[in-house]
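Notes to accompany the following structure.
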Amino acid sequence: MTNADAARSLVERHRLRWWEPVPWILAVAFFFAFPNHLGFGTELLITVLFALSLDLVLGYAGIVTLGHAAFFGVGAYTVGMMAKHGLWNEPISSLVIAAIMGALCGLASGLVLLRTVGLTLLMLTLCTMLLLEEAANLGHHWTGGFDGLDNVPIPPLFGIFEFSPLYPTTQYIYVLCVLFLCFLFLRTLVYSPFGESLTGIRENTLRMHAVGAPVRKRLVICYTISAAIAAIAGGLWAQSNAYVNLSTLSLDRAATVLILLVLGGYGRLYGAFVGAVAYMVLSHYLAKVYPTAWQLGLGLMLMVIALFARNGILGIFDSILRRVRGERAMS
Amino acid sequence: MLLGGLAAGMVLFIVSVGLSITMGLMGFVNLAHGGFAMLGGYVIVLSVNKLGVPFVPALALGFIVIAAVSVVFERLFYSRLYRAAELDQVLFTIGLVFVMISSVTLIVGPENQPLMLPAWLQGQIDLGFTTYRTYSIVLIAMGSLIMLGLWLGFERTRIGAQIRAAVDNRRMTETLGINIGRLFTIVFAFGSGMAALGGGLGAEFLGLDPQYALKYLVFFLIVVAVGGLGRITGVFFASLLIGVLDFVLKKYVPQGGTLFIFALTILLLLWRPQGLFGRNNA
């Protein structure tokens, strides 16, 4: 690649590609094609949003965290507790408050935790999440403890559109809109100079220090933004299900989102979509029928990905495409 | 009173010491370590319960089987990932844990496997100042012996010196002509064997089911992180500390015990990221 090529690819990176509207068209088509599976669809969209938030820290900034569900849970419990205790339950402003709470937690923990790297960081993120889970378990007066909070009252959106647990049409469209807005924000962010500097930190921290980039500050900001988005995802989860429980804070959720992001391919935004769809559809149908075989298959898949296909499904796609194109250029 | 906590701490030590050495030596985030402990526990408990093998030979059997199995894994898979990113190691070992859990569930079944202790380990023993469960006392004695043996092996033998050298400065050690690859395999096999031993010894009060591999993983990781990577004495004291703390807290503050341990771990790691007994430059 010559310098001119490199410069052009840098400038054109953020251009909209022809396939980028596809996931959104599919998401809208899903609404009309499967009106009976909108509950599953809503869960899927929330998972995509959560995976996107993780992609920002893991895929772009290269922070390996095992505790991202901490922020998902903070968002879910913020929305759930405010509504249950009659403080505030208007859906959109509740989400904003959840995002602020998530950002505060992200900022506070990020300031402290991001001073460490490697195993220590891994352990600290994990322990922070488990700490919150234990705290939510103990404070059952406020959080409902092990049983969680159910029948959380969520008023209609804009006073018109009812959240109905049986026919979650409102939830689906509402979540889709929030996801779209968050995605636009994230897409702009990762292609901005700020996003570029995050990639730089991921690739070579020492060099970024050397060129004078404020590494710690960038990482903390990135972690805070990601925490806010994860909290929005959690808040959406609480609103669309009308309950909150400890599963929102569990290691299970953190591991799942990590797995599906890697499955789809991290550091490329759309990996979150592919991974979430592949994982959720498979687990939704397979896990019910053959739970053990599903776990076995998932485990084998992870081992194969870690050993051979580091960039997930989209990465495999890419390399096939490149090979086909490369052969064409040769002939 | 403290004896129960000490016994639990000893089991924690036996399982975690392997993890500490492999993580310290190879820099490998091995989340499958609990899986090896679980498999070892199964080998030991099933050979005692089903095949009628006496307890002590069963422990040896578990150690040998798991050490052998782990050599295969190490050569086939782990060795490819030593230089890979942490994320790949985490994913690979999570995948491996899933495979272990589901295989055990398919072959043996999801139910808990109770360990039948031989008669000579049941009952109480009179220690002069107090009487206590024989098994706990035996565990404490065994843990102390293993600690002593490991310490001697680490400080006084050639291979121990090689391991210590490799933990401190891997490239320099390689330059001196020490075969790091072989050293890794030996250490990994030994560590997994120890995990198996711990899995079997602890099965009596930790229980043993396929979820074991993940259930106690956090505790093993905490012990290793608190004790410091690759430091045997560190792991020993950290295990005893966590074991006793957990036991005492469960007794007096049944609600908030775990919360306290997590909080303590976070504070400790922030204060000394390299662990209580780790070296500053490690």
Side-chain angles (χ1 to χ4, degrees), chain A residues 58-59 62-66 109 112-113 115-140 145 202 251-252 255-256 258-259 261-263 266 290-310 312, chain B residues 23-24 27-29 31-32 35 76-78 80-81 84-107 109-110 210 214 217-218 221-222 224-226 229 255-270 272-275 278:
Chain A
L58 180 76
I63 304 168
V64 183
T65 161
L66 269 182
S109 61
V112 186
L113 303 192
R115 301 191 310 174
T116 62
V117 286
L119 177 70
T120 317
L121 178 61
L122 211 71
M123 285 306 300
L124 281 172
T125 52
L126 180 67
C127 280
T128 312
M129 180 179 71
L130 295 173
L131 187 75
L132 283 177
E133 190 184 356
E134 266 309 298
N137 187 15
L138 290 179
H140 42 77
R202 180 192 69 200
L251 177 58
D252 223 37
T256 306
L258 181 67
I259 289 168
L261 179 62
V262 171
L263 197 64
Y266 55 95
Y290 310 108
T292 318
W294 155 242
Q295 198 179 29
L296 183 69
L298 182 66
L300 288 173
M301 208 151 62
L302 279 176
M303 288 165 68
V304 170
I305 284 183
L307 284 173
F308 305 111
R310 306 236 165 110
Chain B
M23 286 217 282
F28 196 104
V29 185
L31 300 185
L76 276 180
F77 304 121
Y78 279 71
R80 292 162 180 264
L81 288 169
E86 253 158 44
L87 181 66
D88 288 320
Q89 301 174 346
V90 167
L91 287 172
F92 174 80
T93 47
I94 288 184
L96 187 58
V97 173
F98 282 174
V99 171
M100 285 171 172
I101 292 178
S102 48
S103 316
V104 169
T105 314
L106 284 176
I107 298 167
L214 286 177
L217 180 66
V218 177
L221 284 171
I222 286 180
V224 171
V226 168
L229 288 180
Q255 292 282 301
T258 333
L259 187 80
F260 183 75
I261 287 184
F262 291 141
L264 190 73
T265 308
I266 292 176
L267 289 177
L268 263 175
L269 285 181
L270 287 173
R272 287 183 70 93
Q274 71 277 29

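A note on names: the letters A, B, ... follow the listed sequences, proteins ahead of strands, and every chain is numbered from 1.
B:Leu87 has its side chain within reach of A:Leu258: a pair of non-hydrogen atoms, C-beta onward, lies under 4.5 Å apart.
Only the side chain of A:Leu58 comes within less than 4.5 Å of a heavy atom of chain B; its backbone N, CA, C and O stay farther away. Residue contact with chain B, scored on non-hydrogen atoms closer than 4.5 Å, involves the backbone and the side chain of A:Val112 alike. With a threshold of 4.5 angstrom between heavy atoms, B:Val97 does not approach chain A through any atom at all. Interface remark: B:Ala225 contributes side-chain atoms only to the contact with chain A (heavy atom separation under 4.5 Å). Within the 4.5 angstrom heavy-atom criterion, no atom of B:Leu214 approaches chain A.
Qualifying ring pair (Phe, Tyr, Trp, His ring centres under 6.0 Å) partners for B:Phe98, counting only residues two or more places apart in sequence or in other chains: none.
Of the candidates B:Leu264, B:Ile261, B:Ile266, B:Ile266 is the only one forming a side chain to side chain contact (heavy atoms under 4.5 Å, CB included) with A:Cys127.
Note that OG1 of B:Thr265 is 9.5 Å distant from CG of A:Leu131, once rounded to the nearest 0.5 Å. Within the model, atoms CD of A:Glu133 and CZ of B:Phe262 stand 8.0 Å from one another, a figure rounded to the nearest 0.5 Å. Annotation: the span from B:Asp88 atom CG to A:Ile305 atom CD1 amounts to 10.0 Å, rounded to 0.5 Å. Expressed to the nearest 0.5 Å, how far CE of A:Met301 lies from CG of B:Leu91 amounts to 11.5 Å. Distance check: A:Met123 CE to B:Leu268 CG gives 11.5 Å after rounding to the nearest 0.5 Å. B:Phe77 CZ to A:Met303 CE: the interatomic distance, rounded to the nearest 0.5 Å, is 4.5 Å.
A:Arg115 approaches B:Leu270 most closely through the heavy-atom pair NH2-O, 4.2 Å. Across all their heavy atoms, B:Val99 and A:Leu300 have their closest contact at CG2-N, 3.5 Å. In plain terms, the two heavy atoms of B:Leu81 and A:Ala306 that are nearest each other are CD2-O, 3.8 Å.
In terms of heavy-atom pairs under 4.5 angstrom with chain A, the leader among B:Thr105, B:Ile101, B:Thr93 is B:Ile101.
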- Task: Quick one: do B:Leu221 and A:Leu122 satisfy side chain to side chain contact (heavy atoms under 4.5 Å, CB included)? Show the steps, please.
- Result: CA-CA 10 Å; B:Leu221 284 171; A:Leu122 211 71; over 6 Å; no

